Protein chains: 4
Amino acid sequence: MTPSPERRRELLSTAAEVFAAQGYNATTVRRIADEAGMLAGSLYYHFDSKESMVDEILSTFLNELWAGYDEVLGAGLGPRETVEALVTESFREIDRHRAAVAIYQKESQHLSTQPRFGYLTESRGRFERAWLGALERGVAEGVFRADLDIRLAYRFLRDTVWVAASWYRPGGLHSPEEIARQYLSMVLDGITPREEQARRDRTQRKTQRQTQRP
Amino acid sequence: MTPSPERRRELLSTAAEVFAAQGYNATTVRRIADEAGMLAGSLYYHFDSKESMVDEILSTFLNELWAGYDEVLGAGLGPRETVEALVTESFREIDRHRAAVAIYQKESQHLSTQPRFGYLTESRGRFERAWLGALERGVAEGVFRADLDIRLAYRFLRDTVWVAASWYRPGGLHSPEEIARQYLSMVLDGITPREEQARRDRTQRKTQRQTQRP
Amino acid sequence: MTPSPERRRELLSTAAEVFAAQGYNATTVRRIADEAGMLAGSLYYHFDSKESMVDEILSTFLNELWAGYDEVLGAGLGPRETVEALVTESFREIDRHRAAVAIYQKESQHLSTQPRFGYLTESRGRFERAWLGALERGVAEGVFRADLDIRLAYRFLRDTVWVAASWYRPGGLHSPEEIARQYLSMVLDGITPREEQARRDRTQRKTQRQTQRP
Amino acid sequence: MTPSPERRRELLSTAAEVFAAQGYNATTVRRIADEAGMLAGSLYYHFDSKESMVDEILSTFLNELWAGYDEVLGAGLGPRETVEALVTESFREIDRHRAAVAIYQKESQHLSTQPRFGYLTESRGRFERAWLGALERGVAEGVFRADLDIRLAYRFLRDTVWVAASWYRPGGLHSPEEIARQYLSMVLDGITPREEQARRDRTQRKTQRQTQRP
DNA sequence: GATGAATGAGGCTTCATTCAT
DNA sequence: TATGAATGAAGCCTCATTCAT
């Protein structure tokens, strides 16, 4: 049993595409085989099981992801720059592993109940620590607002980035870097223009003064 | 003397909980029956099929959702207030129909390929028009930034709100209104504090002057 | 448990109609109940089981049938008159018990494998003896042709009569007696007119003479 | 090295045998599989569903039947010869497709309510036109009696032939052609011998004269 | 007499997986 | 490497039947 690694990669790519489109459980091995131009049984020359396919898809993706993340986290950047780099890196991963990310989003909760997929839970933990760390440091250094619930902000950022995999199509209008730039712009500065923010601040101060009088 | 509709609602609630936790496909009818304290076959006294259960769960949810949305959209609010109200209403729906929302998130893409679930696609369309409309008006009136890709911003808002159903637990620390407030605060004003924004504006202007005068 | 016999008869009539139209196995108890304007479970106040319904339908029919047949068989008629009377009686039974006859036709082979329906096999035997007896006597007395396989002729007559239940509709154009007359006319004298028979006899005799003169 | 179509035919033959013996509805897929020496699920490698099995059994049979019938109908025979040829052809089909014919007899009414089996209804129509046509021509040309209800005669002939499938066993005492000869002899000339017919004619004429006198 | 709700057995079907070729 | 045919477990669903009310 020495299947060529190239064929494996092709087949995994096909499988990932189908898993992402239909969901892991709803995808039959036969469907993957159809897409790959072979019979269902033939896939078992290359893989032990359907489960081992998702496993390989997800772990490959997470390995690459953490290679990128670790580089960012080890670069000694400031909190804002760290967040910017993590977001950008994330969109790059979505660009490269769209299907895997989509699978991760939809199935990881369900899969992680099995021991075999323990690394999903583990990864989730590392993820949380990395982001929360950056956010906390940012608040401490005054580059992020202190009046926000930090765990809420974490979830906000995390979800906001990864769900993009559900609509992102590589080779579309925007490059991953451009999407990252826009996302960061919204998250960091908001969708309200500066002048409007200023106007609202003035109005609010006036209102407060009036309310404080009695 | 438990009249039918009440029992149905109980059973649907049970089913929704399991669907949300395990995914529609991974949920067996027997599991739902177990959870409801009956045998699998007995569910068919109340429902035609497993499919008709999700159907009823999702359509009930969407009906209530649109009742709320339509009220907001018909209230003649300004764009910013519309967005605020839609977000708040959404979190309220998540609070009331957490399981249904989670199912909607995970399964709607997959389900909507079937004619029976055509209303999911339709709802998605109405959804998009409502949000895009508010955003466009906002840009036109100067209360939203004009330099952002509006479709990107729409997806950002839409996903951001609904993914919350995957972690939200009713009766937790934050009320839906509180979560809405924090989300809106991030989305509208960003996570960067005013002073930091101002500082960065000054730095940037300086940098631009230096770069422009080579 | 003293259900009124009248209601029983009504319900049995309904059941027979459905069994005849859809087949015994394909008929659900619920369908019968629907047709009778009640719920499936309610039928069990009147009957022990679905099986006991067909049982009662078939045995009632066969009892009546044999009452009529026995009268004919005991009347001391000649063979031809016996056949005529049996056929006529049969069409009268079809007229009165159309559904039961149709059920008998379709299901008796299948049902008679169960001990409970042993009387079906028994009836079949009596039937065969009655008909074969009349045919044999008829051949012996020269009122039926001797050159025919008698068992074949028996099956021919038997089937020919009973299948009529599959298309007969009471209250149609023909009375049972009229149908019996036409059937008997075909079976006894054939569908070829006398003159044509005579013509063919002459032609054949000529042919034989020619063939005999090598 | 058994190519698929052959295995299919084997399995269909097994299935047809069981369907014919037990009835379509009363036959479980497991029973067929048992008879074929495999597990129930394995049948689905070869067929889509239990329904598609009967479908293929019946349509294959009807196709062959109509091939034979069309040849007869296109041969330009006289009405009597047409009837003789159709009957003979029918018994040959019963000989070759006994099980299929038995299924057709028992189930076609029930199955033909489903769109998928529309061809059963269609075939029934062609059937009727073919037979009625021959009978009508026969009456017009004086080779069939004019005093019989032609539709009744049609049903009589049709049923008479096909019910034979319920008792016919290939390889029995009589060849299909021999059975056809005997059936035709009964149908065309009746079971009453010529001399007896003549005697009865005389008696009847006498009786009529006596009755007309008073 | 009838209803509403459930049971439990069993039927059809799907599907991951195996294995000889 | 791949095919063709099968296995076996499990899933969804149906339905005769029961029973408290």
Side-chain angles (χ1 to χ4, degrees), chain A residues 1-4 7-8 11 24-33 36-53, chain B residues 1-4 6-8 11 25-33 36-53, chain C residues 1-4 7-8 11 24-33 36-53, chain D residues 1-4 6-8 11 25-33 36-53:
Chain A
M1 244 212 242
T2 27
S4 95
R7 191 86 178 92
R8 275 179 83 86
L11 292 173
Y24 173 69
N25 276 289
T27 297
T28 69
V29 155
R30 205 185 136 209
R31 179 67 205 282
I32 298 171
M38 50 170 58
L39 293 180
S42 310
L43 279 175
Y44 287 79
Y45 178 79
H46 301 276
F47 304 99
D48 284 346
S49 63
K50 184 182 165 185
E51 211 178 71
S52 78
M53 289 187 230
Chain B
M1 239 202 254
T2 19
S4 189
E6 218 170 293
R7 190 85 177 95
R8 276 179 85 87
L11 292 172
N25 277 289
T27 298
T28 69
V29 145
R30 210 190 128 213
R31 179 66 204 282
I32 298 172
M38 49 166 55
L39 292 178
S42 307
L43 281 173
Y44 290 79
Y45 180 76
H46 301 276
F47 304 100
D48 284 345
S49 62
K50 184 182 165 186
E51 210 178 74
S52 79
M53 290 188 227
Chain C
M1 242 212 243
T2 29
S4 95
R7 191 87 177 90
R8 277 178 82 87
L11 292 172
Y24 173 69
N25 276 289
T27 298
T28 70
V29 155
R30 206 186 135 208
R31 179 68 205 281
I32 298 171
M38 50 169 58
L39 293 180
S42 310
L43 279 175
Y44 286 78
Y45 178 79
H46 301 276
F47 304 99
D48 285 346
S49 62
K50 183 182 167 187
E51 212 178 70
S52 78
M53 288 187 231
Chain D
M1 239 200 256
T2 20
S4 190
E6 219 171 293
R7 190 85 177 97
R8 275 178 86 86
L11 293 172
N25 277 290
T27 298
T28 69
V29 144
R30 208 189 130 215
R31 179 67 204 282
I32 299 172
M38 49 167 54
L39 293 178
S42 307
L43 282 173
Y44 289 79
Y45 179 76
H46 301 276
F47 304 100
D48 284 344
S49 62
K50 184 182 165 186
E51 210 177 74
S52 80
M53 290 187 226

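The chains referred to below are lettered A, B, ... by the order of the sequence lines, with proteins before strands, and numbering in each begins at 1. Note that the structure is predicted; figures quoted are calculated from it, not measured.
Note that CD1 of B/Ile32 and CZ of B/Phe47 are 9.0 Å apart. Values are rounded to the nearest 0.5 Å. Rounding to the nearest 0.5 angstrom, the gap separating the OG1 atom in B/Thr27 from the CG atom in A/Asn25 is 9.0 Å. Atoms CE and CZ, from D/Met53 and D/Arg8 in turn, are 9.5 Å apart once rounded to the nearest 0.5 Å. If you take CG on B/Leu43 and OG on B/Ser52, they are separated by 10.0 Å, rounding to the nearest 0.5 Å. Note that OH of D/Tyr45 and CE of D/Met38 are 10.5 Å apart. Values are rounded to the nearest 0.5 Å.
In a base pair of the Watson-Crick type (N1 to N3 plus N6-O4 or O6-N4) or a G-U wobble (N1-O2 and O6-N3), with each distance short of 3.5 Å, F/dA2 is matched with E/dT21. For E/dG10, the paired base is F/dC13 (Watson-Crick or G-U wobble, both distances below 3.5 Å).
Candidate nucleotides E/dA16, E/dT17, F/dT7 were compared by shortest atom distance to the side chain of D/Leu39, and F/dT7 ranks first. You'll find that the side chain of B/Met38 is closest to E/dT7, out of E/dT7, E/dC15, E/dT13. With F/dC12, E/dC12, F/dT17 as the candidates, the nucleotide lying closest to the side chain of D/Tyr44 is E/dC12. Out of E/dA6, F/dA5, E/dT13, the shortest distance to the side chain of D/Val29 is found at E/dT13.
Using a 4.0 Å heavy-atom criterion, one finds that A/Ser52 contacts no nucleic acid atom at all.
In this structure, the NZ atom of D/Lys50 is 18 Å from the P atom of F/dC13, given to the nearest Å. Counting to the nearest Å, the P atom of E/dG4 and the CG atom of B/Leu11 are 16 Å from each other. Rounded to whole Å, the distance from CG on D/Asn25 to P on F/dT14 is 14 Å. Taking atom CZ of A/Arg30 as the reference point, atom P of E/dT14 lies 10 Å away to the nearest angstrom. Computed from coordinates, the B/Arg8 CZ to E/dA5 P distance equals 11 Å when rounded to whole Å. One atom, CG of D/Leu43, and another, C1' of E/dC12, lie 11 Å apart when rounded to the nearest Å. Distance A/Glu51 CD to E/dA16 C1': 11 Å, rounded to the nearest Å. Rounded to a whole Å, the CE atom of A/Met53 is 9 Å from the P atom of E/dA16.
The residue among B/Gly37 and A/Thr28 whose nearest nucleotide of DNA chain E is located toward the 5' end is B/Gly37. Each of A/Gly41 and B/Gly41 was assigned the nucleotide of DNA chain F with the nearest heavy atom; the assignment lying further toward the 5' end belongs to A/Gly41. The residue among D/Ala40 and C/Tyr24 whose nearest nucleotide of DNA chain F is located toward the 5' end is D/Ala40. Both A/Ala26 and D/Thr27 sit near DNA chain E, but only D/Thr27 has its closest nucleotide nearer the 5' end.
Within the 4.0 Å cut-off from OP1 or OP2 of F/dT7, at least one side-chain nitrogen or oxygen of D/Ser42 is found. When the side-chain nitrogen and oxygen atoms of A/Arg7 are compared with OP1 and OP2 of F/dA2, one or more of them lie within a distance under 4.0 Å. At least one side-chain nitrogen or oxygen of D/His46 sits closer than 4.0 Å to the OP1 or OP2 atom of F/dA6. Within the 4.0 Å cut-off from OP1 or OP2 of F/dT1, not a single side-chain nitrogen or oxygen of A/Tyr45 is found.
For the pair C/Lys50 and C/Tyr24, the cation-pi test (distance below 6.0 Å, angle within 45°) is passed.
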